[in-house]
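I have placed the structure first, in the form of structure tokens, so that the comments after it can refer back to it.
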Amino acid sequence: KTPLNLITPTPTIFTEMDTLQHEGGELEWKESARWVKFEEKVEEGGERWSKPHVSTLTLHSLFELRTCLQTGSILLDLEGYSLPQIVDDIVDRQIADGLIPADLKEKISFVLLRKHRHQTKKPIHRSLADIGKKPVSCCVLFVDPAQSRSMNDISDTPSSDQLKNKFMKKIPRDAEASNVLIGEVDFLDKPFVSFVRLAQATTLGGLTEVPVPTRFLFILLGPHGKTKSYNEIGRAIATLMVDDLFSDVAYKARDREDLIAGVDEFLDEVIVLPPGEWDPKIRIEPPKKVPSSVLNLNELGQMNGSAGGAGGGEDEEMPVPHELGEELKFTGRIGGGLWLDIKRKLPWYCSDIYDGFHIQSISAVLFIYLGCITNAITFGGLLGDATDNYQGVMESFLGTALAGTVFCLFGGQPLIILSSTGPILIFEKLLYEFSKNNDIDYMELRLWIGLHSCLQCFLLVVSDASYIIKYMTRFTEEGFSSLISFIFISDAIKKMVGAFKYYPINRGFKPDYITAYKCECIAPDQGESSVLCMFNLTDLDWSQLSKKECVKYGGTLVGNSCKYVPDLALMSFILFFGTYSMTVSLKKFKFSRYFPTKLRKLISDFSIFMSIMAFVGLDMLMGLDTPKLIVPTEFKPTRANRGWIVMPFGKNPWWWYLASFVPALLVTILIFMDQQISAVIVNRKENKLKKGCGYHLDLFWVGVLMAVCSFMGLPWYVAATVISIAHIDSLKMESESSAPGEQPQFLGVREQRLTGILVFVLTGLSIFLAPILQFIPMPVLYGVFLYMGVASLSGIQFWERIKLYLMPAKHQPDFSFLRHVPLRRVHLFTLVQIICLAVLWILKSTFLAIIFPVMILGLMVVRKLLDVMFSQHDLAWLDDILPDKDKKKKEDDKKKMKEKKTPEPESDEEVRGNETPGLETVFLVVVYLIVCQSICCVAPDTNTVCFSSLSHSVAEKALYNTYYSLCPPALQSLSC
């Protein structure tokens, strides 16, 4: 068999069907329909094309087409350079085969060489000079052979109308044409049928509407009285030519039998609709996603975790294992994974820069920039409250700019956006309280924790520890991604609800009693003369002071309207929900029917920026004092008594430099899990990334930035899942030349470093942009946060399965997993995920949020246990098959082969008990142990559960028991 990578892809075929018309007594070929993927007809009025629709054929027309191919002439790989020469060869073959008499040659040639009027041309009206002239008809018997050449109406070169035709944008560059000519003449008593495949695609002048070289010709001329039948046969062959299956046969056919076999294969796939239950005049809209007959069997398993077709029959192949690519293969060498990452990413470095020069990058930069500065301000404010301003908004801005720029310049996956996270915030709060209560210098202790964590990250990098990510299936990814998305959504709503507390709605205000509302400023008592002397306001008219001046000078506000606040909460809600809803609407605008395609795509790309600008303008127009974005205006530390560099020695006892290794271990777990799970989500195969990824390289730079940020007293940074997903969503590419009726195809993501670099450079320059940024209302940015959270849920199978709970079975979408897995099993699997998500949410909402990444490892344990509850077939469609399952199956097959060749040992347990545990086994068992012991205070019997969830390897279980007997006291005290 020919390797798949050596198979030449079949070119896209553009098919045009022309019918023979009598216009003013003259003959001409008039375009009646065309196909790229779907059919477009010329409407009866002749002034416009119909909407693209799925071709509906009669079964009888397909059988008649089959008969035509059996009885007509077939010319394969004909050497043709012009239409007259090709017509001569076709007619000569018909004569040679005895299908037509020789005296009809000139008449047929005359008809086939008439001019072609395409839909782009206006109808040709006869001039006054032509009136009275005898029209030329198809039944003229005295045509001189020499005149036949001179009366050839087809030009040898494309006309200006063809070259200027905008329809060329809808046709791929490598496309070839198939021309179908259908007509009735009165000099034939039986059909004239010919199918031609040229050896090389040739441009035949004005034959085709667009200047596309012709590769195939199908000609059907017949006697009068069967117009509808001829047209249906022409539509049938035109539809077959744009079918992936038949076009492949047409290109590779060696004789007539191959073509007929192709028709039979097409007939095998045909679905017949009863005529009484369906109106053939109804035009079927093109589907949003067209299944490819060629790629369906190969891609289905990759996309859904199972190989085989959609039928799900008994012969379906076993599900393929969950594979993440060579990036996570265990090399067994020190730093082997890191070196492979560098070799993989280095050749793409230049293209990572110049690929960013695109207008789409501008919208992505504006979108992610606003998300980053909002995140920096939010976390900066919370850090300032948690650490008594040792770290604040200024440190958050500087750290975001520094860490993000370095990571986007040198990281393995520059599409990842770094940010502070909730677990790190809680760790900082606990660490500051611990330092304060024990008279320890917080910044120096934090520096040493950062340095130890940096070294631990390096150890994970050189030992290829990212290998564990291979065991994170869709179950774990969706649980983590859904949790972060829900956090974004809930935080945005919480902040919006908080506005109603700061600016309560004036429910007690009654417009009819407005005359009773007043507020006066009363001067302080004479006993408070010190205040009067301080400001020298003894002769001041207190009734004329403003509210701020009254409070400043010690006056008292008296009256029932003194606490009146305009309905800022309502205005804030309008800005919040308006920004979100307008962004969603404009994002979908590219699928609307208004405006040209390029304008719709441009509006969709800049949807978030346009929404923000619209509601910022509305806020300025209303002039209300809504809460605004506050950005630092001076470059200095938030706390006055600290500098930009933290000294490592001098304030804490020396033994703290070593003891900080223990809390650093927890930070490393936080960093490792947050970073790598986010990287897995970004590097999903659904995103069609082509430049590879670099898990080890990413972790290396995160470790370096941990040390740098610790020395400068800046927050620690790790991959932000939701913002990274939003970054990818804003850089998605779609095909520009899509066939009429065909939805643009997702091509992948614009992989480059430029957008991330610009985002973080702008974040660092935000101090100088403060006069502009201060006009942005915070509710507008909360709306952007809400959009990020909701948008990141799209495409998650878990979310789609949750919605199935609310749908009756007859209204449920036709998901592939519903075809293969019983609905009750789908609901059970979803329920397990919901419970896990609820547990993670509860942990996140308490002080236990600091062990949140450890609980992500717990999801891996739960996924391991699901192998007991669900069959591998069900898990293949609902999740992914664990690599161990495939590996164990192969090992069992090898053992069976060995058993046939060698005598059996005394005991299989003895053989497997003598296995020496490898580095992989040690690493996986240690991970299981840490997870199980981290929740030991909640579930004392965890050891039994975790022990049973391991694979059946005696070596693994023996090693686990050894570790468990040695380490529980220390680990229990550390985790509990």
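The aromatic rings of Tyr580 and Tyr787 sit tilted relative to each other, their planes meeting at an angle between 30° and 60°.
Residues Leu793 and Ile489 meet the side-chain proximity criterion, which asks for heavy atoms closer than 4.5 Å. Annotation: side chain of Ser660 is in contact with side chain of Leu445 (closest heavy-atom distance under 4.5 Å). Residues Val722 and Ile487 have side chains not in contact (no heavy-atom distance under 4.5 Å, counting atoms from C-beta outward). Between Ser361 and Leu754 there is no side-chain heavy-atom pair separated by less than 4.5 Å. Counting heavy atoms from C-beta on, the side chains of Phe367 and Val784 come closer than 4.5 Å. Side-chain contact check for Val667 versus Met706: some heavy-atom pair is nearer than 4.5 Å. At least one side-chain heavy atom of Val702 sits under 4.5 Å from a side-chain heavy atom of Ile671. Between Ile608 and Leu366 there is no side-chain heavy-atom pair separated by less than 4.5 Å.
Judged purely by atom type and a 3.5 angstrom limit, Asn438 uses its side chain to pair as donor or acceptor with the backbone of Phe434. Between the Tyr349 side chain and the Leu409 main chain, a donor and an acceptor come within less than 3.5 Å of each other. Proximity of a side-chain donor or acceptor of His727 to a complementary backbone N or O of Leu415 within less than 3.5 Å is detected. In terms of modelled atom types and a separation under 3.5 Å, the side chain of Asp729 and the main chain of Ile725 share no donor-acceptor contact. Distance alone, capped at 3.5 Å, is enough to place a donor-acceptor pair between the Ser724 side chain and the Ile417 backbone. Remark: the backbone N or O of Ala376 is paired with a side-chain donor or acceptor of Ser396 at under 3.5 angstrom. Using modelled atom types, no side-chain atom of Gln675 and backbone atom of Met673 make a donor-acceptor pair closer than 3.5 Å. No donor-acceptor pair under 3.5 Å is formed between the side chain of Thr405 and the backbone N or O of Leu402. Remark: side-chain polar atoms of Asp341 are paired, donor with acceptor, to backbone N or O of His696 under 3.5 angstrom. Under the 3.5 Å distance criterion, the side-chain polar atoms of Glu433 are left unmatched by any main-chain donor or acceptor of Leu430.
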Taking it one step at a time, do Glu444 and Tyr657 satisfy side-chain hydrogen bond (donor to acceptor under 3.5 Å, both in side chains)?
CA-CA 9 Å; Glu444 187 176 296; Tyr657 307 150; 3.2 Å; yes

Dump the intermediate steps for side-chain contact (heavy atoms from CB on, under 4.5 Å) on Met610 and Ile603, then the final yes or no. CA-CA 8 Å; Met610 293 171 66; Ile603 291 174; 4.3 Å; yes

Q. Would Ser453 and Thr668 count as a side-chain hydrogen bond (donor to acceptor under 3.5 Å, both in side chains) if you check the C-alpha gap in whole Å, the side-chain angles of each, and the deciding distance to 0.1 Å?
A. CA-CA 5 Å; Ser453 182; Thr668 303; 3.2 Å; yes

Assess the residue pair Ser766 and Tyr369 against the criterion (side-chain hydrogen bond (donor to acceptor under 3.5 Å, both in side chains)); give the C-alpha distance rounded to whole Å, side-chain angles, the decisive distance to 0.1 Å, and a yes or no. CA-CA 10 Å; Ser766 295; Tyr369 166 65; 2.9 Å; yes

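Note that CD1 of Ile368 and CG of Leu758 are 12.5 Å apart. Values are rounded to the nearest 0.5 Å. Atom CG of residue Leu666 and atom CD of residue Gln456 lie 10.0 Å apart, to the nearest 0.5 angstrom. Here CD1 of Ile449 is found 9.0 Å from OG of Ser710. Values are rounded to the nearest 0.5 Å. Rounding to the nearest 0.5 Å gives a distance of 9.5 Å between CG of Leu586 and OG of Ser581. Note that CG of Asp388 is 12.5 Å distant from OG of Ser435, once rounded to the nearest 0.5 Å. Atom CD1 of Ile776 sits about 11.5 Å away from atom OG1 of Thr626, to the nearest 0.5 Å.
In this structure, a donor-acceptor pair under 3.5 Å is absent between the side chains of Ser419 and Tyr717. Of the N and O atoms on the side chains of Lys732 and Ser730, not one donor lies less than 3.5 Å from an acceptor on the other residue. For the residue pair Gln360 / Ser363, no side-chain donor-acceptor distance below 3.5 Å is found, with atom types taken as modelled.
Between Phe649 and Trp448, the distance separating the two ring centers is shorter than 6.0 angstrom. Ring centroid separation for the pair Tyr432 and Tyr442 comes in under the 6.0 Å cut-off. A ring-centre distance under 6.0 Å is not found for Phe407 and Trp701. Between Phe700 and Phe458, a ring centre-to-centre spacing shorter than 6.0 Å is recorded.
We find that Asp352 and Lys691 are joined by a salt bridge, their nearest charged nitrogen and carboxylate oxygen being less than 4.0 Å apart. Electrostatic pairing of Asp619 and Lys628 counts as a salt bridge here, judged by a charged N lying under 4.0 Å from a carboxylate O.
In this structure, Thr387 has no side-chain hydrogen bond (donor to acceptor under 3.5 Å, both in side chains) partners at least two apart in sequence or on a different chain.
Open room surrounds CG on Asp625; 12 or fewer heavy atoms of other groups in view lie less than 6.0 Å from it. Within 6.0 Å of CZ in Phe775 there are 12 or fewer heavy atoms belonging to other residues, nucleotides or ligands.
With Trp348 as the aromatic partner, Arg753 does not meet the cation-pi criteria of under 6.0 angstrom to the ring centre and within 45 degrees of the ring axis.
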